[in-house]
Amino acid sequence: MSTPDSNRHFSILDQMPIAEAPNASLGSDRTIAVKLKVNETEHELQLEPCVTLLDTLREYLGLTGTKKGCDHGQCGACTVLVEGERVVSCLSLAAAHQGEEITTIEGLAKDNKLHPMQSAFIKHDGFQCGYCTPGQIMSAVGLIAEGQAQTDGEIKELMSGNICRCGAYLGILSAIKEVKEVTA
Amino acid sequence: MVTEMTSTQDRTNIQAKTGKNIDRVDGRLKVTGEACYSAEFPLEGIAHGYIIQSTIAKGTIEAIDTSQAEQLPGVLAILTHQNAPKLNSLKSKNFGGGYPGENFLPLQDNQVHFDGQHIGIVVAETYEQARLAASLIEINYDEAEPMFDLEQALEQSERYDPGERLQPSWGDIEGGLQQAAVTIEETYTTPLEHHNPMETSATTAEWHDDELTVYDSTQWVMGTRGMIARGLGLPEEKVRVISHFVGGGFGCKGFFWTHPLLAAIAARKVNRPVRLMLTRQQMFSSCGHRPRTVQKITLGADNEGKLTAIRHHTDTETSFVGDHAEPCGNITKMLYACPNMEIKHQIARTNTGTPTPMRGPGETSGTYALEAALDELAVKAGIDPMEFRIINHADRHPQSDKPWSSKHLIECYQRAADAFGWQNRDPRPGSMREGDDLIGWGMATATYPGYRFPTAAKAQILANGKVIVSSATHDLGTGTYTIMTQIAADTLGLPIERVKFELGDSKLPIASVSGGSSTAASVSPAVRSACEAACFKLIEMAIADNESPLHDYQAEEITTEAGRIFVKESPEIGETYEAVLQRHNLPLVEAEISPQDKGSRYKSIAARTKPGIVEDEGGSDEFAIHSFGAHFVEVRINPRRNQVKVSRVVGAFDVGRILNQKTARSQIYGGTIFGIGMALMEETLLDPHSGRVIIHNLADYHVPIQADIPEMETIFVEYPDYHLNPLGARGIGEIATAGIAAAVVNAIYHATGKRVRDLPITPDKLL
């Protein structure tokens, strides 16, 4: 068992003087140019081809509103709209979206005014920890735009790609129904 | 310092906001993506970490070849036991009311104790480079035979002794069984389960010379600070832990694991901030789980249905590097009146990661078994299951004989049963149908202790009219930001918009772990007292000030409302907070409430899972303090598919005063859904040959999704519990998860006539 000698006091400061830190290493030379239009702003990036759209948004563009919950397309937290359609951005390479128009949660509110779906999520308490929320909201906005989901059962089925471990599903359903009625 | 003058009794407005349906004050940040979680702080020059994990469950690392990985572009450092710094043991150290999740420190030797153990970390310029490099590291092991089968481990492995605390008994159990007219003896099992919060655990570490800032997804900033400082050999004041938003925890972020230390060491090594976000796969072996349990329950009841004997034996597990006891019998000894009781826990060490509390540790697994067994006994005795529970109601705490601080369980049964329509139930299994569907109705009791831990808070009344209140507590989605803002606003009679509550920073006044459903009950009174103390300072200033209209009045004559201090009898004589501050040329007035020394009255969360610390009941010296509730569940089962659909849930809960109807209801819904997952789908499997975790993603570990969610109704029987705190609130985060699995299981029996005693009840078990 890893129980160092309890009589000794080890200090990380003595063992790891900062002066010995390695020099920054060069980045990869295998990058390609990727052009994306995110929330109506054009971005030109040099990325390794393996970088997902999700990591591009979070790590290269600082748009951390899009969440990483599983990185395998199993939870829906990373849902964004690509050319208006719902996409799980963790299963999508940035390089595959050259020139395409992407909408993230940061792009929903206009002029500081919340999108009706955002307001409805607050009103109906459609979240607790908030981590799945951007994905839920993007999925809900996409769902309504697609003209799908006429009944509660259909909304529930079509929102089942977005996991909420806190279990805010009832509020999520109420929020979607309300926005759907208003926009119908 | 705080006088009676400003206490609640004098207030007309204290209920103005507290208790109401107030929208979450952090809602806007969460729906716009602006809420900043621990892996999202934008720091200059950040590098990325990726954990290297063991691929065996037991053995010795013979060699690690990092040469290929080191040559990759972008790789900055690779740390393993061969080059990591020595760390200081956290074992048996109490970090302000709690303990580490395990005794294990990373990278200190070449021993492997479980599959997925953290055995190294790669740091690179980008996440992709770090991940690729980690995959290229070659490790040779001398593999040993792991111990992971629970039954085998109970026979052959080392035991962990949780102490007498978990082995209570009274009366004469055999005598009680002999008196019984009906008895049952059955074994119930629960599988290994994972918390799976949507945000994986993440740490971002940044050094400034010899000072360390850690952004960590934790339910316990003060403990995390203490443990990082101790592990690294730093003074506590050199470490700051920040956790403004936590993307769900459910217990797996409540204690301390290796990744914050690894991030800190890695950041030191490369002299840059390091972001370490565990992957979903890594979450299945990095931060605890609910351990497997095998619970044998023996019950006896007399002709009138009164329990004559309860025996509850739990076999469960912990790891070789940490001591966790899943206390399944803790609720059994307090839930029903019974003269003869025998509770036992046996805990074997297995080569798994260390288990940790998961939403209702003990309460959830234990109520499942007890409440399913009670249903079996009620059926055998020919008594309605709800009636059976009322017959055996515990009017006082059965073990300590203390009175309850506030218990309204019978009202919970009756109100939930009425709302559900329980009186229309035909008790015969399989008797209720709709079309092809078999319909089953089941019920169970829920309970959870009422905990309150020592907490400090600070209130600042600013000259611009705003108020800032703070405490080093947390909001895991539980609503802390919102309810504390409501309480502060009500205490000072201000609109919500003028109050800001700050949390999740170890620089703030001390608060304990947000676990054990303790946060609302612990932080609320501190927040209110701090606001009252700050306001009282203003009153003193005004009284002493001959320019104030309140000059020379007595403090007892003055009260506050709507941001004014004024004479109670003549409200027109008074002035605003701002007026006092501006006249004195002060930017603010502030007051801090320290955690009061309550001795053993406020129990440590660690006490329930650690031996010999303090007694393990929520409660005080005079009262037993528990929350109660009743779940009523309807299931629909298509007999051709054997798939169980929970279609309706009604619950009534006695949880003290509700601080915010909206967030409280969400907590109950969420806890209930968590328990439905336990009943029907959640299970982490170990490979039967290697002991490796073979379920480690959200496609294979099923949690409830939108399509699974039933109609739900929650009733609060609101009786404030002033024995726990002056606001009368008890915690609410875990109680709904207790009991719900049994209610589902009992409904399945009612629908099908089949008793399945092994969770989860997947369709194959109903064949």
Side-chain angles (χ1 to χ4, degrees), chain A residues 1-4 6 9-13 15-16 18 21-22 25-29 48 50-51 55 59 62 64-66 69-72 74-75 77 104-106 109 114 118 121-123 125 127-134 137 156-157 159-160 163-173, chain B residues 23-24 27-28 30-33 35 37 40 42 73-77 85-89 91 103-105 108-109 125 127-129 196-199 210 232-234 245-248 265 268-271 279-280 321 476-477 662-663 666 669-670 673-674 697-699 703 705-707 709 712:
Chain A
M1 196 180 292
S2 304
T3 46
S6 57
H9 176 78
F10 301 106
S11 165
I12 192 167
L13 304 178
Q15 297 176 78
M16 298 180 96
I18 267 179
S25 156
L26 287 175
S28 171
D29 53 2
E48 286 190 288
C50 66
V51 180
D55 286 327
E59 304 296 345
T64 54
T66 305
C70 72
D71 224 8
H72 278 55
Q74 296 165 347
C75 78
T104 70
I105 192 73
E106 289 93 344
L114 294 182
Q118 292 173 311
F121 265 65
I122 295 176
K123 178 179 163 191
D125 215 30
F127 54 88
Q128 292 182 35
C129 81
Y131 199 78
C132 75
T133 312
I137 290 175
K156 289 175 77 164
E157 197 62 40
M159 284 300 293
S160 279
I163 297 175
C164 170
R165 184 60 157 162
C166 299
Y169 293 116
L170 291 178
I172 293 168
L173 180 64
Chain B
D23 290 343
R24 284 173 201 264
R28 190 181 172 101
K30 286 179 174 174
V31 301
T32 54
Y37 296 80
E40 298 172 352
V75 172
L76 295 164
K86 290 285 163 224
L87 303 171
N88 302 294
S89 173
K91 197 176 182 184
N103 302 324
F104 179 70
L105 288 169
Q108 300 299 291
D109 60 30
E125 294 284 346
Y127 173 70
E128 292 78 12
Q129 290 164 340
N196 276 314
M198 295 316 296
E199 179 206 28
D210 58 349
L232 300 179
L234 296 170
F245 290 96
V246 181
I265 295 165
R268 185 84 193 164
K269 180 80 180 174
V270 301
N271 195 19
T279 67
R280 180 58 58 188
V321 292
L476 327 174
K662 193 174 262 192
T663 56
S666 288
Y669 292 154
I673 291 167
F674 211 87
N697 61 66
L698 291 173
V703 300
I705 54 171
Q706 181 67 264
I709 306 308
M712 296 174 80

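Every chain is numbered from 1, with letters handed out A, B, ... down the list of sequences.
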Please state whether the side chain, the backbone, both or neither of [X] comes within less than 4.5 Å of a heavy atom of chain A.
| X | result |
| --- | --- |
| B:Ile705 | both |
| B:Ala35 | backbone |
| B:Tyr127 | side chain |
| B:Val246 | backbone |

In the structure I gave you, are the side-chain heavy atoms of [X] and [Y] within less than 4.5 Å of one another anywhere?
| X | Y | answer |
| --- | --- | --- |
| A:His72 | B:Leu698 | no |
| A:Asp71 | B:Arg280 | no |
| B:Gln706 | A:Glu157 | no |
| B:Ile673 | A:Arg165 | no |

Are any side-chain N or O atoms of [X] and backbone N or O atoms of [Y], one a donor and one an acceptor, separated by less than 3.5 Å?
| X | Y | result |
| --- | --- | --- |
| A:Thr133 | B:Val31 | no |
| B:Glu199 | A:Tyr131 | no |
| B:Arg24 | A:Ile122 | no |
| B:Lys662 | A:Asp125 | no |
| A:Gln128 | B:Ser666 | yes |
| A:Glu106 | B:Thr32 | no |

B:Met198 and A:Cys132: which non-hydrogen atoms are nearest, and at how many Å?
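Here B:Met198 and A:Cys132 meet closest at CG-CB, 4.2 Å.
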
